[in-house]
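Accompanying notes for the structure given below.
Residues: numbered from 1 along the sequence shown. In this text the structure is predicted, and so the values were computed from the model without any measurement. In what follows, every heavy atom counts, from backbone to side chain, and hydrogens, waters and symmetry copies are set aside.
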Amino acid sequence: MTRHISETQVRHWLDETAVRDVSRHADEETEFNVQVELSRLPVHVIKETAFGPVRIVGRSGFDTERSRNLLRDDRRRGELLEYVGPMLAATPGFYTFLDEEGETCRFRDAETVQVEYRLYPDGASQQALMDGIMSIATSMRYVQNAVTAISQSEAE
């Protein structure tokens, strides 16, 4: 049973046949923040305190004019939520919508959806870490694809 998850342990557990471009992000408020790339999607593996959980965090932005318009339209936003809601709910962990300042907000005001899974020391393993990273990346990709599909269907 693991009591402490170090950056060295996380790096050892990363499956380098699945993740690419592992980089460390300097952050004074964390023990470590390692960004990995899975299918061209950045996922952060963050540890804030020595004996706390490892947070696996992904963000998908609604950063185009087309996606922002989609969120502002009640009907189209509802359609998007019908697609992404079940996927977000099925993703391990939790999700939240963030505004441009990074604060929690309503879906209609979102600039980003953040998906987070927490890995606690007593349940830590290579399998748990990689499952978390892959689940977060899958969820992010699904949101991106749903936004694209709904935006394109409206344009046709």
Side-chain angles (χ1 to χ4, degrees), residues 5 7 10-25 27 30 32-48 52-120 123-156:
I5 308 167
E7 179 178 355
V10 165
R11 286 177 177 269
H12 176 74
W13 280 341
L14 291 173
D15 178 351
E16 293 182 10
T17 63
V19 299
R20 303 272 187 262
D21 298 328
V22 178
S23 60
R24 188 174 207 289
H25 286 244
D27 189 344
T30 63
F32 62 82
N33 180 346
V34 176
Q35 179 180 305
V36 301
E37 198 172 283
L38 182 66
S39 186
R40 298 186 331 223
L41 294 167
V43 177
H44 288 263
V45 181
I46 304 165
K47 178 116 181 251
E48 293 173 341
V54 169
R55 298 173 53 228
I56 302 169
V57 180
R59 288 186 174 185
S60 187
F62 303 111
D63 52 359
T64 65
E65 190 62 34
R66 184 181 271 179
S67 62
R68 281 192 285 275
N69 288 340
L70 182 76
L71 291 179
R72 302 317 182 259
D73 181 288
D74 291 339
R75 181 185 60 77
R76 293 174 71 208
R77 184 179 61 251
E79 183 180 355
L80 177 60
L81 195 54
E82 283 180 29
Y83 282 99
V84 301
M87 177 62 174
L88 291 171
T91 301
F94 63 96
Y95 67 93
T96 188
F97 300 111
L98 304 172
D99 63 18
E100 56 191 29
E101 282 86 39
E103 299 295 322
T104 301
C105 67
R106 298 177 308 166
F107 188 40
R108 77 173 305 127
D109 301 318
E111 292 289 323
T112 306
V113 59
Q114 177 175 295
V115 187
E116 179 174 329
Y117 176 72
R118 292 184 179 213
L119 181 60
Y120 292 89
S125 67
Q126 181 180 26
Q127 186 69 52
L129 176 69
M130 290 306 301
D131 281 351
I133 290 170
M134 288 189 230
S135 294
I136 297 299
T138 298
S139 180
M140 291 169 54
R141 179 66 73 213
Y142 187 87
V143 169
Q144 289 176 347
N145 289 344
V147 167
T148 299
I150 292 170
S151 295
Q152 288 176 347
S153 71
E154 194 69 27
E156 295 173 352

Checklist entry - Step by step, would you call Thr91 with Tyr142 a side chain to side chain contact (heavy atoms under 4.5 Å, CB included)? => result CA-CA 11 Å; Thr91 301; Tyr142 187 87; over 6 Å; no
Checklist entry - Is a donor on one side and an acceptor on the other found under 3.5 Å between the side chain of Thr138 and the backbone of Met134? => result yes
Checklist entry - Which is it for Gln144 and Leu41 under the side chain to side chain contact (heavy atoms under 4.5 Å, CB included) test, yes or no, and what are the steps along the way? => result CA-CA 11 Å; Gln144 289 176 347; Leu41 294 167; 3.6 Å; yes
Checklist outcome for this item: Gly93 and Tyr117 have their tightest heavy-atom pair at N-CD1, 3.8 Å
Item to check | Student check: side-chain heavy atoms of Val57 and Ile136 closer than 4.5 Å | outcome: no
Checklist entry - Hey, are the side chains of Val84 and Val147 touching, using non-hydrogen atoms and a 4.5 Å cut-off? => result no
Item to check | Atom of Ala18, atom of Leu38 and distance for their closest heavy-atom approach | outcome: O-CD1, 2.8 Å
Checklist entry - Can a salt bridge be assigned to the pair Arg68 and Glu65 using a cut-off of 4.0 Å between side-chain N and carboxylate O? => result yes
Item to check | Flag side-chain contact, heavy atom, 4.5 Å: Val34 against Val36 | outcome: yes
Checklist outcome for this item: Partner of Val45 under side chain to side chain contact (heavy atoms under 4.5 Å, CB included), picked from Ile5, Ile133, Val22, Asn33, is Ile133
Next on the checklist: Could you report the tightest heavy-atom contact between Gly123 and Ala128, atom names first, then the distance?
Outcome noted: O-CB, 3.6 Å
Checklist entry - What are the two closest non-hydrogen atoms of Gln35 and Pro42, and how far apart are they? => result NE2-CB, 3.6 Å
Item to check | Reported CD-to-CG distance for the pair Glu79 and Asp73, which is rounded to 0.5 angstrom | outcome: 9.5 Å
Checklist entry - Do you know the tightest heavy-atom contact between Ala110 and Phe97? => result CB-CB, 3.8 Å
Checklist outcome for this item: Here the gap from Gln126 atom CD to Asp131 atom CG, rounded to the nearest 0.5 Å, amounts to 10.0 Å
Checklist entry - How long is the span from the OG1 atom in Thr96 to the CD atom in Gln114, to the nearest 0.5 Å? => result 7.0 Å
Next on the checklist: Could you measure the distance from the CD1 atom of Ile150 to the CG atom of Leu80? Nearest 0.5 Å is fine.
Outcome noted: 4.5 Å
Checklist entry - Does any non-hydrogen side-chain atom of Glu116 lie less than 4.5 Å from one of Phe94? => result yes
Checklist entry - If you look at every heavy atom in Val115 and Ser139, which pair is closest and at what distance? => result CG2-OG, 3.9 Å
Next on the checklist: Are the side chains of Met87 and Val143 in contact, using a 4.5 Å heavy-atom criterion?
Outcome noted: no
Next on the checklist: Tell me if the OH atom of Tyr83 is crowded by more than 12 foreign heavy atoms within 6.0 Å.
Outcome noted: no
Checklist entry - So, does Arg72 use its side chain to make a donor-acceptor pair with the main chain of Arg108 at under 3.5 Å? => result yes
Item to check | Full working for side chain to side chain contact (heavy atoms under 4.5 Å, CB included) between Val19 and Met130 | outcome: CA-CA 9 Å; Val19 299; Met130 290 306 301; 4.0 Å; yes
Checklist entry - Hey, is Glu48 close enough to Arg55 for a salt bridge, meaning N to O under 4.0 Å? => result yes
Checklist entry - Atom CZ in Phe62, atom CG in Leu98: separation rounded to 0.5 Å? => result 10.0 Å
Item to check | Minimum side-chain heavy-atom gap Arg24-Phe32 below 4.5 Å | outcome: yes
Checklist entry - Within the side chain of Arg141, is there an N or O that forms a donor-acceptor pair under 3.5 Å with the backbone of Ser39? => result yes
Item to check | Whether His44 and His25 hold their rings parallel, tilted or perpendicular, with breakpoints at 30° and 60° | outcome: perpendicular
Item to check | Rounded distance (nearest 0.5 Å) linking atom CG of Asp109 with atom OG1 of Thr104 | outcome: 12.0 Å
Item to check | Carboxylate-amine/guanidinium contact Arg75 Glu82, below 4.0 Å | outcome: no
